[in-house]
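Beneath this line is the structure, given in structure tokens, with notes to follow.
As the structure lists them, so they are numbered: ligands from 1, and atoms in each ligand from 1.
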Amino acid sequence: MRPRILPVLTLGLLASPISGISNTHSDNQRPLVLPAPLLTNSESALDRYDGEQVWRVNWEDVEDRDKREFMSRLESLNLDIWQTTSSTLDLRLPSSHLDHLHSLLPPSASAQIHILNLQQLVDATRPDSAKPDKDWNLDSLNSTFHSAYHKLTELETFGMKLVERFEFLDKIEIGKSWERRSIWGYRVRKDTSDSKSSDEGGGGGEKQEEEEDKVEIVIQSGQHAREWIGPSVALYFLHSLAIGSEDPESVVTQLLESFTFTVVPTINPDGYVWSHETSRMWKKNRQDVGGKRNCKGIDLNSNWGYHWRPPHSPNPCSETFPGNHAFEAPEPAAMARYISNGSSDGLSGGEAVRSFVDLHSYGQLFMFPFAYSCSTFPPDAEMLMEAALGVSKAMRTTSGEKYQAGQACSMTFRAPGDSIDYVYGVTDVRWTYSAELRDTGTYGFMLPPDLIRPTAEELTSGLIFLAKFIYKSEIER
Ligand SMILES: *[C@@H]1O[C@H](CO)[C@@H](O)[C@H](O)[C@H]1NC(C)=O
Ligand SMILES: *[C@@H]1O[C@H](CO)[C@@H](O)[C@H](O)[C@H]1NC(C)=O
Ligand SMILES: [Zn+2]
């Protein structure tokens, strides 16, 4: 059994003993709260989180307006908000700042400690770089690749090996990151234009001749660097498609008659590398944004160009800094270009894309647009909800884990500039979702490696369900 969340304690009870713990700052340890001064010579050292905790604020009874105000106060203090739902807010805190939280808390909110020792969880999820294993079994989903987290180079090696091994896989460069790394997309598609499938469709003969007419489903992950489960699960899904594509009896083979799947596991490669090599809690990209204090990075999932709003008081040191203008970050701009205008080889992207799923963690949610506002309901809301409920059910049936379905704005308190808002609102991709993967907060971003596989299995079931749902709603008829 895993240790569960600690019992509820009010802040008042805990504040004094905890804040008494000394919090020694070594040179490479970044004090959390106040804007960091120039961080020199921390380039190669790993940040430590000794004495830091995660607290869960219960704000169910707080008015929405007060929730937003509370959040912006936390952000102005450079506190790191991990997750928000309609009833809770999770917050990372150095022990020396517990008193501070107490004074900030809205009157009807309470808080309890959620993760007692953050550094311990950070240590438990670190990839074992002492013995990197490159001899992964590619022929089975039981491959050891899916039992650990990996550095970016290993993710890319695995992707490359899949492309070499499987006939129906190829890779394309979606674009370049701020630090000029390639953002890779892996496509699974079958050219069925020569397979005269006369037994198909029951005598309509309406089958399109051109493979470009296939419907494309795009899976993106890794906007937020520290959410390591996303890229892991995306590559598992890709692997399961690859294996399925070789089995003539599989559901995947059936789906590939009508669909192309494109998986982009690490849309934010620079941030991912930073979260491995320097700061495990890093969320943004690594862009220079002209802040006075030399803070870097844009929150990619606040930088997409639909109802994007400049922040009230721009603070590049905040983990939620949305940029100085929409699409200032090259990574979402590259993805938006792919979805709007297609790939440079003209074989995918653009009009073909009819579904987009953006993977995040954590919270176990499957959400449709919009995130920026609850008063704007997408015209397709009913169908989107129906499919989302089916996805959640497929996931639950696989593993027993419960995922909630609904509209993003009411399930989370996200900023405008979200990817799904842009993809649905501007590029008109109907089946657009954002998923928050496991867990519900016990480990948060530090989900233990042995939970990668079960999380990946349930998401794979969910996405296959979604593809079948799209097939029934749009293609079969
Ligand atoms: C998966 O691998 C593990 C360890 O390598 C092994 O014990 C197990 O039997 C394998 N399961 C399947 C279904 O192949
Ligand atoms: C798509 O191409 C058009 C024409 O070149 C361009 O104006 C537009 O900005 C592109 N869209 C994106 C999202 O890059
Ligand atoms: Zn995220």
Side-chain angles (χ1 to χ4, degrees), residues 80-85 89-90 92 173-176 183 218-234 264-268 271-272 274-275 280-285 297-306 308 318-322 325-344 346 348-353 356-367 371 408-409 411-429 432-441 443-447 455 459:
D80 180 16
I81 298 170
W82 272 24
Q83 187 225 34
T84 49
T85 69
L89 175 147
D90 291 355
R92 175 166 65 103
E173 192 184 58
I174 301 289
K176 296 257 195 238
I183 298 165
V218 177
I219 310 297
Q220 168 187 282
S221 61
Q223 284 203 84
H224 292 146
R226 62 196 179 185
E227 299 167 8
W228 289 0
I229 186 66
S232 303
V233 161
V264 183
T266 45
I267 184 75
N268 177 13
Y272 189 78
W274 195 257
S275 75
R280 178 65 183 87
M281 296 307 145
W282 193 258
K283 177 178 180 182
K284 304 185 284 182
N285 74 355
I298 292 173
D299 172 16
L300 298 191
N301 207 27
S302 303
N303 193 238
W304 296 68
Y306 184 68
W308 183 88
S318 156
E319 285 299 339
T320 54
F321 180 60
H325 55 84
F327 288 131
E328 183 179 7
E331 298 87 357
M335 195 58 170
R337 197 179 321 113
Y338 177 79
I339 294 175
S340 305
N341 291 343
S343 64
S344 51
S348 52
E351 301 261 288
V353 180
F356 173 81
V357 181
D358 191 24
L359 305 180
H360 291 260
S361 71
Y362 54 96
Q364 299 186 193
L365 308 171
F366 203 78
M367 300 174 286
C409 74
M411 305 192 87
T412 61
F413 270 77
R414 290 208 283 209
D418 202 297
S419 66
I420 57 171
D421 288 4
Y422 177 85
V423 172
Y424 184 87
V426 176
T427 65
D428 220 15
V429 172
T432 290
Y433 292 97
S434 169
E436 297 285 352
L437 302 167
R438 289 200 204 182
D439 58 10
T440 54
Y443 297 99
F445 306 120
M446 262 65 61
L447 193 71
T455 306
L459 183 82

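At least one heavy atom of Tyr422 sits closer than 4.0 Å to an atom of ligand 2.
Residue Glu227: an N/O/S atom is found under 2.8 Å from the Zn ion (ligand 3).
In this structure, atom 7 (O) of ligand 2 has no protein heavy-atom contact shorter than 4.0 Å. Distances from atom 14 (O) of ligand 2 to the protein include at least one heavy-atom value under 4.0 Å.
Side-chain atoms of Ser419 and Asp358 form a donor-acceptor pair, as typed in the model, at a separation below 3.5 Å. Between Asn268 and Glu331, the side chains place no donor N or O within less than 3.5 Å of an acceptor N or O (distance only, hydrogens not considered). Checked by atom type, the side-chain pair His360/Glu227 shows a donor-acceptor distance below 3.5 Å.
Formation of a donor-acceptor pair under 3.5 Å by the Asp418 side chain with backbone atoms of Ser302 is not found in this model.
Using a 30° and 60° split on the angle between ring planes, Phe445 and Tyr362 fall in the perpendicular class, above 60°.
For His360, the N, O or S atom with the smallest separation from the Zn ion (ligand 3) is ND1. Shortest distance from the Zn ion (ligand 3) to His224 is reached at ND1 (N/O/S atoms only).
Taking the six-membered ring for Trp and the full ring otherwise, the centers of Phe327 and Tyr306 sit at least 6.0 Å from each other. In summary, the aromatic rings of Tyr433 and Phe366 are positioned with their centroids under 6.0 Å apart.
With a 4.0 Å cut-off on non-hydrogen atoms, Tyr338 does not touch ligand 2 at all.
Of all atoms in ligand 2, numbered sequentially from 1 with element shown, those under 4.0 Å from a heavy atom of Arg337 are 12 (C), 13 (C), 14 (O). The contact set between ligand 2 and Ala336, taken as ligand atoms under 4.0 Å from a residue heavy atom, comprises 13 (C).
Looking only at protein heavy atoms, the nearest one to atom 9 (O) of ligand 2 is Asn341 ND2, 4.9 Å.
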